[in-house]
There are 2 protein chains.
Amino acid sequence: MSTTKIIKHTDENPQVEHPENEACYSGLQVNAGIEQPPVINPYLKHRKHRPQLTAADYVEGLRKGDTTILGQAVTLVESLLPEKQAVAQEVIEKCLPYAGKSRRIGITGVPGAGKSTSIDVFGTYLLDRNPADKLAVLAIDPSSERSKGSILGDKTRMEKLSIHPRAFIRPSPSAGSLGGVARKTRETIVLCEAAGYNHIFVETVGVGQSETAVHSMVDFFLLIQIAGAGDELQGIKRGIMEMADAIAINKADGDNVDRAKIQAAEFQNALHLYPLPPSGVEPKVTTYSGYYNLNIDTLWHIIDDYFQAVDRNGYFQERRRQQEKYWMYETINEQLKSNFYNDPEIDDLLRIKQRMVLDNKQSSFVAAGDILKFYFDKLKKTD
Amino acid sequence: MSTTKIIKHTDENPQVEHPENEACYSGLQVNAGIEQPPVINPYLKHRKHRPQLTAADYVEGLRKGDTTILGQAVTLVESLLPEKQAVAQEVIEKCLPYAGKSRRIGITGVPGAGKSTSIDVFGTYLLDRNPADKLAVLAIDPSSERSKGSILGDKTRMEKLSIHPRAFIRPSPSAGSLGGVARKTRETIVLCEAAGYNHIFVETVGVGQSETAVHSMVDFFLLIQIAGAGDELQGIKRGIMEMADAIAINKADGDNVDRAKIQAAEFQNALHLYPLPPSGVEPKVTTYSGYYNLNIDTLWHIIDDYFQAVDRNGYFQERRRQQEKYWMYETINEQLKSNFYNDPEIDDLLRIKQRMVLDNKQSSFVAAGDILKFYFDKLKKTD
């Protein structure tokens, strides 16, 4: 995908849009505030009338492993426009029979734990082991909504993977609630699997509620810690420790090796305090160095052993079934909200009522009641 | 309320119900498994045909400060039955003109920080200062759903307040999602204020997302910490520190006093790293001892100074306005969900679809889509 240019524009304003899409064409740039010149780039003109793809086109492209189409399909899934959402749902439904055949691995750790470097090194190791393997790296970043920043936004931090022909990297969807963002990532997994990616990494920062969302869509959950950064055990939330299928202590190189090993022993002891997870596989702790490429094979074997074990004892399928149930409810809750908030009339009414509430002219409960009455009355009238 | 007996029963089975309501009549008890004898308690018989209260009855009782009616009104608000919810919303609407005239104080801290003892001592101090003051203590406990346990369930931990005639204590609503539980607590504040309670404490455990919910319904947010329990700064989530209007370090007694003071200085330094909160009042840090009743007046003055400051600079009203806006959206989101999940036909369909998803016969997305289609089709047909 990294070698492909995606160009998006509208008829009224044919400049390049979606700057957050790092693959978009950026050859023609003007400073903010200066009027855009008429389009003189012949490439833009050439692509101007690109026909709208149908759901079948998307699925056909995906099944061929076309990364441009995959990128466009993910953008479609992430779109908040109802007409795009309709096509997106059709694409996902058509992809479902081809999905599910991958190892889904969640990776979390505080900012600075070295997640990007680790994913770069570990992903490359994995792809080098088997020339038939393909890897998609996705992300859920709960902070992107507020800060407009994004983990994985800086693709240069995955130097090797970003130019690897069998790797597909996609930053976190930036719009909407955590629930919405997580659901879109869950749907993106389906697209990637249909496109033949048999390893999916889902990266998240180890703060807030996003781990729960990631945990609900992966088969294996890896917690990355840093060696020698003080009393680490204090900083980790109990809930995340309980979710981890393995803990990997990064930056175990040079002077840090001994400290990292002591820390690993501490973590292993701490994990003994918890009951055996439902997988029946005791969480392992290992040390490694992403930057110096040390002990990556141990990490791979821990993960591979886990997948073999849960395949044998049936937990792999059981976890996926429970996740499907979770996503049924999540999808319902998201749709109930988006059906309401994406209605332009509701949007207008919300603005008016919000003003009244802020001006103390109406209470929140009464305002909410009025809007809901309008909404349900409207639903009754529509055919 | 503590001296009042609430009796609830049904015609078919006239025994005492709602064991979670600590004020309910408990004079007649039989062991589990033994058949109930016919009602011989004349008091129960006498109350058997108690008429259903109307919204106007509730409001009248509340306005008189009748704690029995207040307790019943809160139970009504907490009910999940649609017909009860309709009455509840009417009661709340009628109470709104009398609401808002209280100091709402949120109190959080990890389990074991001594919240209950502190609330008992601080609440008694506050009520003793002014014989016209009334205090309601509410709670939001996110863990109650899973563990079925509840903070504040053990009322004996608030020895003085539980028998104080001007105090009303109510444990956390135990049913529903955090959003639902929080909304019910927000509505209970309205009831308490209409009943003349001019101080509202909302207690929560300092884990999970409940602080955000509490923060969105109080004027002042107090974080309780424990002295001398190791490296406290590590254990606190950044988000909670940022929300706190004051930090009070408990158990500053005996050998702990010096350690608590050092810790207070550390917290004060840590708080300097954050920008001044929107209130314009720099968060204060103090030490105290709930158990030994030390330094409670300092705590009171910090809170009183805060209320005077935000009253002068207008932030008090501004924060309440923003909270009203927040609750408008929260109420909408909750109602969108409850309208869906409280539908018996939807409930049946959910059960069927969940089974299909668990049996791998349908994907989560398709199952969710089917149920949503049924729901919106049904809404169109109903008059």
Side-chain angles (χ1 to χ4, degrees), chain A residues 89 92-93 96-97 99-100 183 186-187 190 207-209 230-235 237-239 317 320-337 339-341 346 350 353-354 357-360 362-369 371-372 375-376 379-383, chain B residues 89 92-93 96-97 99-100 183 186-187 190 207-209 230-235 237-239 317 320-337 339-341 346 350 353-354 357-360 362-369 371-372 375-376 379-383:
Chain A
Q89 288 310 311
I92 289 160
E93 206 163 320
L96 282 170
R183 186 185 162 214
R186 176 67 189 80
E187 292 175 342
V190 172
V207 288
Q209 291 264 298
D231 193 352
E232 297 299 316
L233 285 169
Q234 288 273 4
K237 277 182 282 170
R238 228 184 126 83
Q317 283 306 327
R320 288 225 168 159
R321 270 197 294 273
Q322 292 299 333
Q323 289 177 340
E324 278 290 289
K325 178 183 141 191
Y326 172 88
W327 284 102
M328 183 182 94
Y329 286 99
E330 277 296 297
T331 306
I332 288 171
N333 294 342
E334 270 305 301
Q335 284 293 111
L336 287 176
K337 275 202 214 173
N339 192 65
F340 177 86
Y341 287 105
I346 293 292
L350 274 172
K353 289 290 185 180
Q354 181 176 315
V357 164
L358 286 174
D359 292 346
N360 270 335
Q362 203 168 33
S363 83
S364 57
F365 300 124
V366 176
I371 304 171
L372 286 163
Y375 174 67
F376 285 113
L379 282 180
K380 278 174 203 166
K381 280 174 212 141
T382 50
D383 301 307
Chain B
Q89 289 309 312
I92 290 161
E93 206 164 318
L96 283 170
R183 186 186 161 214
R186 175 69 188 80
E187 293 175 342
V190 172
V207 289
Q209 291 263 298
D231 193 352
E232 297 300 314
L233 284 169
Q234 289 271 3
K237 277 184 282 172
R238 229 186 125 84
Q317 283 306 327
R320 288 227 169 156
R321 271 196 294 273
Q322 292 300 331
Q323 288 177 341
E324 278 290 290
K325 178 182 143 193
Y326 171 88
W327 284 102
M328 183 181 95
Y329 285 99
E330 276 297 297
T331 305
I332 288 170
N333 294 343
E334 269 305 301
Q335 284 292 110
L336 288 176
K337 273 201 213 172
N339 193 66
F340 178 86
Y341 287 105
I346 293 292
L350 275 172
K353 288 292 184 180
Q354 181 178 315
V357 164
L358 285 174
D359 292 347
N360 269 334
Q362 202 167 36
S363 83
S364 57
F365 301 124
V366 176
I371 304 172
L372 287 162
Y375 174 67
F376 285 114
L379 283 179
K380 277 174 205 167
K381 280 175 212 143
T382 51
D383 301 306

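Naming convention: chains lettered A, B, ... in sequence-line order (proteins, then strands); numbering from 1 in each chain.
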Best-contacting candidate, A/Leu372, A/Val190, A/Asp359, A/Val366, against chain B by heavy atom pairs under 4.5 angstrom:
A/Leu372
Looking just at side-chain N and O atoms, do A/Glu187 and A/Gln89 make a donor-acceptor pair shorter than 3.5 Å?
yes
Where does A/Tyr329 contact chain B at under 4.5 Å (heavy atoms): side chain, backbone, both or neither?
both
By a 4.5 Å heavy-atom criterion (distance strictly below it), what part of B/Ile371 contacts chain A: side chain, backbone, both, or neither?
side chain
Quick one: pull up OG in B/Ser364 and CG in B/Leu358 and give me the separation to the nearest 0.5 Å.
11.0 Å
Shortest non-hydrogen pair, B/Val357 vs A/Lys325, comes out as CG1-N, 3.5 Å
Contact part of A/Ile92 toward chain B, heavy-atom cut-off under 4.5 Å: side chain, backbone, both or neither?
side chain
Report which part of B/Asn339 has an atom under 4.5 Å of a heavy atom belonging to chain A: side chain, backbone, both, or neither.
side chain
Separation between CD1 (A/Ile346) and NZ (A/Lys353), nearest 0.5 Å, reads 11.5 Å
Smallest separation among heavy atoms of B/Lys380 and A/Leu379, with atom names:
CG-O, 3.2 Å
At a heavy-atom separation under 4.5 Å, does A/Gln354 approach chain B through its side chain, its backbone, both, or neither?
both
Taken to the nearest 0.5 Å, the spacing of B/Ile332 CD1 from A/Phe365 CZ works out to 12.0 Å
Out of A/Met328, A/Gln322, A/Gln335, A/Glu330, which one racks up the most heavy-atom pairs below 4.5 Å with chain B?
A/Met328
Heavy-atom contact with chain A under 4.5 Å, split by part of B/Leu336:
both
Okay, B/Glu93 and chain A: the region with an atom under 4.5 Å from a heavy atom over there is side chain
By a 4.5 Å heavy-atom criterion (distance strictly below it), what part of A/Gln317 contacts chain B: side chain, backbone, both, or neither?
side chain
Checked A/Arg320, A/Arg183, A/Arg186, A/Lys337 vs chain B; the most non-hydrogen pairs under 4.5 Å come from A/Lys337
Could you tell me the separation between the CD atom of A/Gln362 and the CG atom of B/Leu96, rounded to the nearest 0.5 Å?
10.0 Å
